[in-house]
A.B. asks: 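My questions all concern the structure below.
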Amino acid sequence: MTADNSPLARLSPDLSQSLLDWFAAHARDLPWRKTTNPYAIWVSEIMLQQTQVVMVIPYYHRWLDRFPNVGSLAMAPLDDVLKLWEGLGYYSRARNFHKASQIIVEELQGKIPETYKELLKLPGIGAYTAGAICSIAFNQDIPLVDANVKRVFARILDMDKPVEQSASLREIREAAQSLIPPGQAGAFNQGLMELGALVCTTKNPHCLECPANGHCLAKKRQTVDSRPVLAPRKKTRALEVSAGVLVRDGRILVQKRLPKGLMAGLWEFPGGKLDPEESPEQALVREFAEELEIDIVCGKKIAVIQHAYTRFRVRLHTFWSTMKNPGQKPVLHAAEEIRWVLPEELDGLAFPSADRRLIQKIVEEGIPA
DNA sequence: AAGTCGGGGCT
DNA sequence: AGCCCAGACTT
């Protein structure tokens, strides 16, 4: 616990009120701030995990339009759910949300839990999201800690240890809890995050405009630029990958990825990583043989697509291809399902962003004669 | 405690 | 090319 004689404890009522006033004056007009509907708040919080506000807004509207409540989400096929999530990343969020909605319908009489503890049991809801739903939708005096809140308190408290350490997180959580003005956790918690997003930013923070600048130990000690202390990140690796657009009778072969792991449940064009000393064309032939037990002829190059993931970057070599023996039947090893589709059907399936860019090329070029 | 899981925008 | 973001889950 924060000691009663700490600077934070003495200044807390003042700090809390300053933040509430600042938030009332400066809050952005975001779609999820027009509602306290717990389902809508839940949608926004899942989408906002590790994802910036501007990216989320169009997805948020489309989602509520298509899945306006827990029941409609629970009823929907996973393919539809992933299609709506396409391009937003971290697809397990969509899978977990879908599963959670089905648990609510099947085991909780369709009612979203209203306690922190019960919310935490649902897949995809962790400490942050449970706190967000409790405080914003149900106005319970429960704190939340996201990357903004970590940064704000790392500076106010001038924390010199990495914020990701469990001791640091505990300290931040306790500070956030102690500052909640009773009955106003929703506004206070959102105010903290908004402060981190607009004023107490990672780079070039606007300390002169900050409602907490009189309480900020890092500002006083001129350590703002070195807070928060972050653990070093791993370097990104480069990967070479081939993918084939296999055509037979005017249709294209696509496969659905397995239900676990990277981009689970999304559709893709078959292919895989190049082995050392292997050409993209050789890799493609090998991958079709290994993954689908099909012998293919690698045809004309379509494009080389560069795509950056968080921890690696890919050069994706893409080729038209045909079957050596059209009578061969694919045997699935690395996919849950395969489908032969018309080019115009590709739009209805959920693909990773890199494959989406390939589809653009396919549609532009058309299937070669 | 550390690794995994996307994507886009910014520097 | 690296950094960052309204984190959760697995190992």
Side-chain angles (χ1 to χ4, degrees), chain A residues 23 27-28 30-33 40-60 82 85-97 99-100 119-137 143-152 161-169 173 176 186 188-198 200-205 228 230-238 257-266 268 306-314 350-357:
Chain A
F23 184 59
R28 286 170 295 178
L30 302 176
W32 41 90
R33 290 189 177 151
I41 298 298
W42 186 9
V43 172
S44 72
E45 294 303 340
I46 300 295
M47 288 185 171
L48 285 162
Q49 290 170 9
Q50 296 290 285
T51 309
Q52 271 142 359
V53 165
V54 286
M55 205 79 49
V56 166
I57 290 174
Y59 285 88
Y60 175 82
L82 288 173
W85 204 270
E86 182 185 59
L88 200 54
Y90 284 129
Y91 297 93
S92 65
R93 293 182 292 175
R95 300 176 62 86
N96 284 333
F97 196 3
K99 175 156 283 187
L119 284 164
L120 213 48
K121 291 180 184 172
L122 292 170
I125 297 187
Y128 164 77
T129 304
I133 294 173
C134 282
S135 61
I136 299 171
L144 55 78
V145 178
D146 76 328
N148 290 303
V149 176
K150 285 175 198 165
R151 186 168 57 255
V152 168
K161 281 188 286 194
V163 284
E164 299 304 336
Q165 287 182 3
S166 53
S168 305
L169 288 174
R173 172 170 282 273
F188 178 77
N189 287 345
Q190 291 185 80
L192 271 181
M193 294 191 285
E194 195 77 336
L195 187 71
L198 300 182
C200 194
T201 46
T202 307
K203 288 172 187 168
N204 306 318
L230 298 172
R233 302 195 177 208
K234 290 204 160 185
K235 286 185 180 173
T236 58
R237 293 170 302 132
R257 295 178 61 89
L258 296 172
K260 290 193 186 234
L262 186 67
M263 294 180 286
L266 271 66
E268 67 176 3
Q306 311 239 25
H307 188 77
Y309 293 81
T310 301
R311 280 171 190 74
F312 48 96
R313 53 187 185 283
V314 171
F351 284 87
S353 286
D355 291 66
R356 206 22 96 189
R357 288 159 62 193

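Being a predicted model, the structure only gives us computed values, none of them experimental. A, B, ... follow the sequence lines: proteins, then strands. Residue 1 opens every chain.
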A.B. asks: Classify A:A127 by what it touches in the nucleic acid, base, sugar-phosphate, or nothing, heavy-atom distance under 4.0 Å.
C.D. replies: sugar-phosphate
A.B. asks: Would you confirm whether A:Y59, through its side chain, and A:E86, through its main-chain N or O, come within 3.5 Å as a donor-acceptor pair?
C.D. replies: yes
A.B. asks: Using a cut-off of 4.0 Å on non-hydrogen atoms, how would the nucleic acid contact of A:R311 be classed: base, sugar-phosphate, or nothing?
C.D. replies: base
A.B. asks: Can you list everything that forms a salt bridge (Lys or Arg N to Asp or Glu O under 4.0 Å) with A:R95? Sequence neighbours excluded, please.
C.D. replies: none
A.B. asks: In whole Å, what separates the C1' atom of C:dC9 from that of B:dG8?
C.D. replies: 23 Å
A.B. asks: More 5' along DNA chain C: A:N96 or A:R33, using each one's nearest nucleotide?
C.D. replies: A:R33
A.B. asks: Looking at residues at least two apart in the chain, or sitting in another chain, which of them share a salt bridge (Lys or Arg N to Asp or Glu O under 4.0 Å) with A:E268?
C.D. replies: A:R257
A.B. asks: Hey, can you pull the residues of residues 45-54 of chain A with a non-hydrogen atom under 4.0 angstrom from DNA chain B?
C.D. replies: A:Q50, A:T51, A:Q52
A.B. asks: Go through the structure and list residues passing salt bridge (Lys or Arg N to Asp or Glu O under 4.0 Å) with A:K99, not counting sequence neighbours.
C.D. replies: none
A.B. asks: Give one of base, sugar-phosphate or nothing for A:G196, where a contact means two heavy atoms less than 4.0 Å apart.
C.D. replies: nothing
A.B. asks: What range of DNA chain C does chain A touch, first nucleotide to last, counting atoms under 4.0 Å from its heavy atoms?
C.D. replies: C:dA1 to C:dC9
A.B. asks: Name the nucleic acid region contacted by A:K203, choosing base, sugar-phosphate or nothing; use a 4.0 angstrom heavy-atom cut-off, strictly under.
C.D. replies: nothing
A.B. asks: Using the closest heavy atom to pick a nucleotide of DNA chain C for each, name whichever of A:L120 or A:R28 lands nearer the 5' end.
C.D. replies: A:R28
A.B. asks: With sequence neighbours excluded, tell me which residues meet ring-ring contact (aromatic ring centres under 6.0 Å, His included) with A:F188.
C.D. replies: none
A.B. asks: Let me know, please, whether A:T310 or A:E164 comes out on the 5' side of the other along DNA chain B by nearest nucleotide.
C.D. replies: A:E164
A.B. asks: For B:dT11 versus C:dA6, give the span between their C1' atoms, rounded off to a whole number of Å.
C.D. replies: 23 Å
A.B. asks: Considering residues at least two apart in sequence or located in another chain, which fulfil the side-chain contact (heavy atoms from CB on, under 4.5 Å) criterion with A:P58?
C.D. replies: A:R62
A.B. asks: Categorize A:A132 for me: base, sugar-phosphate, or nothing, with a 4.0 angstrom heavy-atom threshold over every strand shown.
C.D. replies: nothing
A.B. asks: Could you list the residues that satisfy side-chain contact (heavy atoms from CB on, under 4.5 Å) with A:L198, not counting sequence neighbours?
C.D. replies: A:W22, A:R28, A:E194
A.B. asks: Could you tell me how the ring of A:F312 sits relative to the ring of A:Y309: parallel (under 30°), tilted (30 to 60°) or perpendicular (over 60°)?
C.D. replies: parallel
A.B. asks: So A:S44, base contact, sugar-phosphate only, or nothing? Heavy-atom distance under 4.0 Å.
C.D. replies: nothing
A.B. asks: How would you give the extent of chain A contacts on DNA chain B, as first and last nucleotide 5' to 3' within a 4.0 Å heavy-atom cut-off?
C.D. replies: B:dA1 to B:dG8
A.B. asks: Identify each donor-acceptor pair in which a side-chain atom of residues 44-51 of chain A lies under 3.5 Å from a protein atom, sequence neighbours left out, and give them as a table.
C.D. replies:
from  : atom 1 : to     : atom 2 : distance (Å)
A:S44 : OG     : A:I41  : O      : 2.7
A:E45 : OE1    : A:Y128 : OH     : 2.5
A:Q49 : NE2    : A:T129 : OG1    : 3.0
A:T51 : OG1    : A:M47  : O      : 3.4
A:T51 : OG1    : A:Q49  : O      : 2.8
A:T51 : OG1    : A:R93  : NH1    : 3.0
A:T51 : OG1    : A:R93  : NH2    : 3.4

A.B. asks: Counting the atoms with a prime plus P, OP1 and OP2 as sugar-phosphate, which does A:W32 contact under 4.0 Å by heavy atoms, base, sugar-phosphate, or nothing?
C.D. replies: base
A.B. asks: Heavy atoms under 4.0 Å, any strand shown: does A:M55 hit a base, just sugar-phosphate, or nothing?
C.D. replies: sugar-phosphate
A.B. asks: Listed by chain and number, what are the ring-ring contact (aromatic ring centres under 6.0 Å, His included) partners of A:F351, not counting sequence neighbours?
C.D. replies: A:F269
A.B. asks: Can you name the salt bridge (Lys or Arg N to Asp or Glu O under 4.0 Å) partners of A:K121, sequence neighbours left out?
C.D. replies: A:E118
A.B. asks: When A:N189 is tested against each of A:V145, A:L144, A:D146, A:V149 for side-chain contact (heavy atoms from CB on, under 4.5 Å), which residue passes?
C.D. replies: A:L144
